[in-house]
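A short worksheet on the structure shown next.
By convention in this document, chain letters (A, B, ...) are assigned in the order of the sequence lines, proteins followed by strands, and residues within each chain are numbered from 1. Only heavy atoms go into these numbers, but all of them, side chains included; no hydrogens, no water, no symmetry mates.
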Amino acid sequence: MTHFRPLPHSRRELLRASGAGFGMLALSGLARSLGLQDQVLPETRGSLGSPWPVRAKRVIFLFMHGGPSQVDTFDYKPLLHRDNGKPLPFDKPRIQFAETGNLLESPWKFAQHGQSGAWVSELFPEVARHVDKLCFVKSLWGTNEAHGGALLALHTGSATFVRPSMGSWIVYGLGSENENLPGFITICPTLGHGGVGNWSSAFLPGIYQGTPIGNASVPAKEARFANSSRGDVTRETQRAGLDLLAEENRAHLARHSADAALDARIASFELAFRMQTEAPRAMDLSGETPETLKLYGIDEKTTENFGRQCLLARRFAEAGVRFIQCTHSYKWDQHENLKAGHEQNAREVDLPIAGLLADLEARGLLEDTLVIWGGEFGRTPTAQGMDGRDHNPHGFTMWLAGGGTKRGLSYGSTDDYGFFARDDKVHIHDFHATLLALLGLDHERLTWRYAGRDFRLTDVSGRVVSELFA
Amino acid sequence: MGLRETLSKTLLVAIALCSQASPSAAHPQGQSESDLEFFESKVRPLLVDRCYECHASTSKRIKGDFKLDTYDDLLLGGENGAVVVPGDPKSSRLIQAIHYDGDLRMPPKAELAKAEIAILEDWVERGLPMPRTAPESAKPAALHWAFQPVSNPKPPAVRDAAWCSNDIDRFILAGLEAIDLEPAPRADRATLLRRLSLDLIGLPPSPSELARFQADLSPGAWEREVDRLLASPHYGERWGRAWLDLARYSDSNGLDENLAMGTAWRYRDWVVRALNDDLTYDKFLTWQLAGDLCPEPADTQALRDQLTATGFLVLGPKMLAEQDKEKLVLDVVDEQMDVAFRTFQGLTMGCARCHDHKFDPISQRDYTAVAGIFSSTASMANLGFVSRWNERQLAPKAQIQTRLEAEARRDKAKQALEDLRARAADSLLLHWTADTAAYLLAATAAARSAVIVEAEDFSRGNLIRDDSTYGSPGSVIARQGTGGLQFAEYDLTFQAQGRQVLEVRMAAEDSRPMRVLLDGALVFESALAEKTGSWKLDGQRWFKVGALDARSGRNVLRLERDGSVPHLDQLLLYPESGAGEGAGWPVAGNALAAGLEPVLLRAWTLRLESAEHKQDPIFGLWTRFALLPAAEFEPRARALTAELRAARDDKSFEQNPLVIRLLEGAPPVSLSELAGRYQVLISGVDAQWRELHAKDPKAERVPGEGAEALRLLVHGKESPFHLAASEMEPLVPEATRTEIVALRGAFEASERALPPEIDAALGVADDAEIAGLPLMKRGNHLDKSPQPVARGVPASIATKVTSPKIPEFQSGRLELAQWMLDPEHPLTSRVAVNRLWQGHFGSGLVRSSSNFGLRGDPPSNPELLDWLAREFVRRHWSMKSMHKLICMSSAYQCASEVRADMELADPTNRLFSHQNRRRLDAEQLRDGLLFASGSLDLSIGGSLLEIKNAEYVTNDQSKDAARYDAPRRSLYLPIIRNAMLDLFSAFDYPDPSMTVEQRPSTTSPIQALYLMNSPLVLTASSKLAKTAIDSRGDARARVDLLYESTHGRAPAKDEVDRALGFIARATAPRAEELPRTNIGQEAGAKPAEDAAARESEAWSLLAQVLLVSNEFLFVD
């Protein structure tokens, strides 16, 4: 019911909640967030638990909400062109979102790029310049053919039940590198299709939930943390109020026996005051050079919004935020109007993404920052209506960059038409296991005891696709 | 684990063994059933109680390598050899030891009672009757303490009996005395009343209540407060909210399709009412699982309550758009079972969906048996593309039937009306189709002089384009921005000066009249005030605004309104014809003369206008020819025909296959000749369709390539011949119109005759297919066993309870509930009283209050738990009675201070030597802020959700339609899954998708930011400050008032000094201008402009400090 449960204020209690397995690793993060680092073991990451070395220290997830088409972007299928208009020569999935017709060729030309010779369609001319930094996974697959389920599966590993988001798991495992900012930030996330469920910490402590900046209906320019400032008093006046509060609270504490919760509360105001300074500073782009703004496309109407998101992501990464998500809002869902729709979508993100990759590389951040690009599923190579493609969770493409992934690799494949993942299949659970491994976390040991069971991001499956590692 | 715990645990183990011993279990020859009965009833409990701590396979360390589990164990003896000689007590070392006769003295801590010694002697004498080996079925899991019957412990003797207010205290004190710990002293009276008040009603006491209690030193004062608060209608709100955490209460579905569950609030209000009425827990449980299966009560309110309670089963989040509908249903069943068993049984059934439970004695077969009960229950109303949950009408069957019959009569009348309208429309259509060529020609002429603008293509404005209308991709309307003046301006160019008629197509559910201005001058004060029945596409209608005096050249047309506007779609302007009233359309005289209908002509004009801009597979060809100048039509048409033929062949010009045939043969000689060809084509398809339909009324389309599209041009909803009923009626013949009026009258009368609509609430029904489910390998519904598992209960968790017979034609939910409520059921009462305890102490006797299984925590005071469980049943499951019992105990009234010896002996307060300090939860915080600032509205019940049932609460554009600004208690704010109020998500409000046994209580900077900057806190602070400034003059008195309102006490001397010092500093005139703003903030904060503003700012800050201080946030 609804009463205060004392904070886990001993190492023993922490361990109890985090299970016998991975708990120790996660401790440092949890403890730091609660201001309790003195009360737990010194940082033990690397010495306990995970067989994987730390390759990446943080993640930037560029989420393309709606489901971009793999066969129109990065998964080149010559046979799809040849057999345009013919029926798919094999069975379609048992469950489909809608009925689709015959094969529909891509309206865009593909060409090979870079040393790696990776195929990229005309939709991504700018990203194509960076293909040698990318590590393509062309054999992803999931099971949910509706947006809501697929979003939740991608973000939490479960399309059916409420589970912590991958960002929450990661911050639980690693803590934040910056005490003055949340460890998990999601920029302009969607409130539909699972909404908060996609960045909630579920049964993990609330401190691991994603902190949203704005939401999909707010332009990136206007997106802010909630309650990050008040405009009615000066900073000094507010400081004076907080000083009085601290005095009051210390006097209150003196009247009572020592209590970690009361202590932590006093500390939290100081932390918040610092955050109040740090967050606007991290989000203030006024100090960026015109060249940087141009690099991200912030000077152009089409690319301004996602460009800002990408630049914010870089700034947060620099500031030590663990998991940053940028969401390109729900536009990739081209059941019809594929040509115009995908063209517009790609134009909005192509330059900003290329800018982000170039900028991270130039600043030496790409080394230990893992960038992920992808949607909740791909699209059918068969046509929906005249000029559309339906949802397709059975085979789609994502790419990774930096963070210890192999440059210029293309891993896995779909069938000849790009419908089903075929070789070296990578399930969403495998993707999660791999993601954690890149961060030096063992997906089987990053657990939390809840309702009598040790839960993990990958449920009871997940294969680390170590072939992707540099 | 303490000694007491261990003993009790093993006692329970023993009882399980006894019940588990199957007839096949081996035991020594010659042992009679009565001997074995003697062993199980007399000996085993004794062994368990006094010996098994050290001498059983379940012991942590087996001492002396000697076990007393089985006959074989006894004969084997220990490290020093044999221990008993069957039939010969005197020679048995065991008997010598229990007599404390010699070196070996057992049990070591305390001698057995004489009677107990006699029992064991008797036992040895009888030849050690007991099972030879452990029965196979007695897996350790089944021996778990929680699955054993509730014991009937007597309150133990204690040294300091005077401390005890009631029997609870004897158990608590005995536990403390066993480790020589003294309980904390009684808390002071102010602390006590604040604790009790927040505990029982969720609100702090008012200053006057505090004063009264502090002054009342009579013996019954505390009890009077307990009674007063338990009788308060806010008690149900406080404890109801706790229950809602378990019931994962929410006003929206969450998961993928976040639809408003617009009737969920009835369940919430029922919970509040049920608790206020002290509905006994047995009924409380039964109704939630099976209220619909209980006998229908005569009292309507009781019936409503019983049905509403089953909303418990429907509240869960569901993947409504899951396209594997079988999976959807099984997931719903799984969610229901998980919540029901965790809530009522403290068990995690969900684990057994895919395999036998790893820890608890629940097999996959058990899971499947229970799942069959829930899958035989209808929880979904339909399994459409986006499925819909079930709701129940809250009325007696007869009343529902009456309403249904009236609805059927209404539907029949409506059908008759619609049939007649359809027949009338069809005969009109036949007539109009014959004029297709005339319409084409007239509309083409009209389109040349008309201006058509999409509403969202405004030149300037602050309206927002919205193309998210669900189910209608591409639909485009303009709608409101964020409030204030809404407007759109259109730059329009006309060839010549003259009067232009303005028509607008829009949808509006409410009347939202707009002002119309032309070049800045107001022309119409209140236009477009009509309501069309919906905001969506289906509600769009054309409305004639009136005529405007337009100049030649550029004109600025402006539509505006203070506040939200109708959903505008298109604007149409055309020159006012001189033909007089009623013509209303720029129609060539011959068209009017030909009897063309203006309203159809408008539709045709729009269609042709759009064909010029968008690819139109039927009129693309027409528009090309229509552009040709009449004077040189023939030669130009010849060239165009050749050009289009070539384009047709290389597929760069695509048209409907029948239309493109119009290019064959001789090129058209005039536009009217081409119009004739179109008419022949369209009438031909129509005739073909009519013939087909006459033969086969079920036919849905015309065969042949391209034909169906042409049929739809005439008969489809998008057809320019399609008219709304109201537009069509004036055009039908007089006789038919009279008939329509009569039928409409009958229909309207049938509507008026409908009995009032019946309220509905989330609820289940037993009208699903009633059958057991098959086993599913790894929980996969695509891999089923052939035979279904019979529906049933997980018997192995309650072996003393007879498993119910599940009726053939009912789901079995009622039997499941009755089984849970069997007085011998080991979990139900324990789980329930533990939750009450947790609510009063911050942690349960069993800390994992929704998991009493093997992975849960053991009880810290098992005897107390069992005693409370028995007491609960003895008190006829009255929850209020248990609250009172707990609140009257000395244990409850202890101070929350932790002494050093407590910290040392029992660092996590498992034995409740003191109260636990707790932080206010999210609701208490908000309610407390509103309460302290005098703005809390304490009215009870009702819905604040402004979204219609089953509408989307958050759409793809991430707009959250819920509102949270009512000053009502937080319990009543909309709970929207996926989009929680920021206060709630910051302050550990549970995820409303999951059943939550206990809220965590974290400390985070996000909370601090909320307390520092949120509008809620700032508003409450300034309101409270204003009260202080307004009410009394002097600063000292204001400080007193602030402390009284926030902390319920007068400030101490140092506090007054601190506060006054702060105010003095904060109101002092500022020597120099300080930097004005927080970094990165756009709007600069102005320092207080004058003394009054500075004063109000200073007092607001002081009020805020007190409102967010630890003394306010924590309950001692």
Side-chain angles (χ1 to χ4, degrees), chain A residues 1-6 95 97 145-146 148-149 160 162 190-197 200 202 205-207 215-217 226-236 240-241 244-245 247-249 252 256-257 259 262 264-265 268-269 271-272 275-277 280-281 283-284 330 451-453, chain B residues 242 255-256 319 321 323-324 331 348 835 838-839 842-843 851 853 855-856 897-898 917-919 921 954-960 978-980 982 988 991 993-994 998-1005 1008-1010 1012-1014 1058 1062 1074 1076 1078-1081 1083 1085 1087 1097 1101 1105 1109-1111:
Chain A
M1 296 192 189
T2 60
H3 273 317
F4 177 73
R5 179 160 58 189
I95 302 282
F97 198 66
E145 62 296 305
T160 316
V162 178
T190 175
L191 293 180
H193 298 151
V196 173
S200 101
I207 46 172
N215 64 50
S217 70
N227 304 312
S228 61
S229 63
R230 57 186 290 185
D232 58 339
V233 299
T234 63
R235 191 173 160 75
E236 284 64 27
L244 178 67
L245 175 64
E247 272 187 76
E248 284 287 320
N249 280 341
H252 174 259
H256 293 81
S257 48
D259 184 329
L262 297 181
R265 175 74 43 191
S268 76
F269 280 98
L271 175 51
M275 220 174 117
Q276 195 173 273
T277 313
R281 192 176 285 157
M283 294 182 65
D284 178 14
Y330 180 53
R453 218 191 104 186
Chain B
L255 282 181
D256 57 345
M319 288 298 253
Q323 294 308 302
D324 188 338
D331 285 346
T348 54
R835 292 196 195 285
Q838 176 185 292
S843 74
N851 187 4
R855 293 301 288 270
E897 298 310 319
V898 187
R917 179 173 296 132
R918 296 162 245 163
R919 197 199 71 211
D921 61 32
T954 48
N955 64 16
D956 300 332
Q957 307 304 311
S958 294
K959 295 269 184 355
D960 179 355
N978 298 351
M980 290 276 291
D982 55 355
D988 302 308
D991 186 322
S993 297
M994 304 193 297
Q998 182 172 27
R999 296 191 185 182
S1001 181
T1002 63
T1003 306
S1004 75
L1009 283 175
Y1010 192 90
M1012 284 157 63
N1013 300 327
S1014 71
R1058 245 192 332 260
F1062 173 79
L1074 295 164
R1076 290 170 172 235
N1078 294 320
I1079 292 169
Q1081 228 171 262
E1097 184 179 287
L1101 274 165
V1105 163
S1109 67
N1110 278 347
E1111 183 162 348

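Once rounded to the nearest 0.5 Å, the distance linking CG of B/Asn1013 with CD of A/Gln276 reads 4.5 Å. Rounding to the nearest 0.5 angstrom, the gap separating the CZ atom in B/Arg1058 from the CG atom in A/Leu244 is 7.0 Å. For the atom pair B/Glu1111 CD and A/Leu262 CG, the distance stands at 11.0 Å (nearest 0.5 Å). Atom CZ in B/Arg919 sits 5.5 Å away from atom CZ in A/Arg265 (nearest 0.5 Å).
Contact annotation for A/Ala146: only side-chain heavy atoms (C-beta onward) come within less than 4.5 Å of a heavy atom of chain B. Heavy atoms closer than 4.5 Å to chain A are found in the side chain of B/Asp982, but not in its backbone. Proximity to chain A (any heavy atom under 4.5 Å) is restricted, for B/Phe1062, to the side chain, taken from C-beta onward. Only the side chain of A/Glu145 comes within contact range of chain B, with at least one heavy atom under 4.5 Å from a heavy atom of that chain. With a 4.5 angstrom heavy-atom cutoff, B/Leu1009 touches chain A via backbone and side-chain atoms both. Contacts of A/His256 with chain B are made by both backbone and side-chain atoms, with heavy-atom separations under 4.5 Å.
Residues A/Gly148 and B/Met319 approach most closely at C-CE, 4.2 Å, considering heavy atoms. Summarising the geometry of A/Ser268 relative to B/Ala1008, their closest heavy-atom pair is O-CB, 3.5 Å, with the distance given to 0.1 Å. Nearest heavy atoms, A/Asn249 versus B/Asn1110: OD1-N, 2.8 Å.
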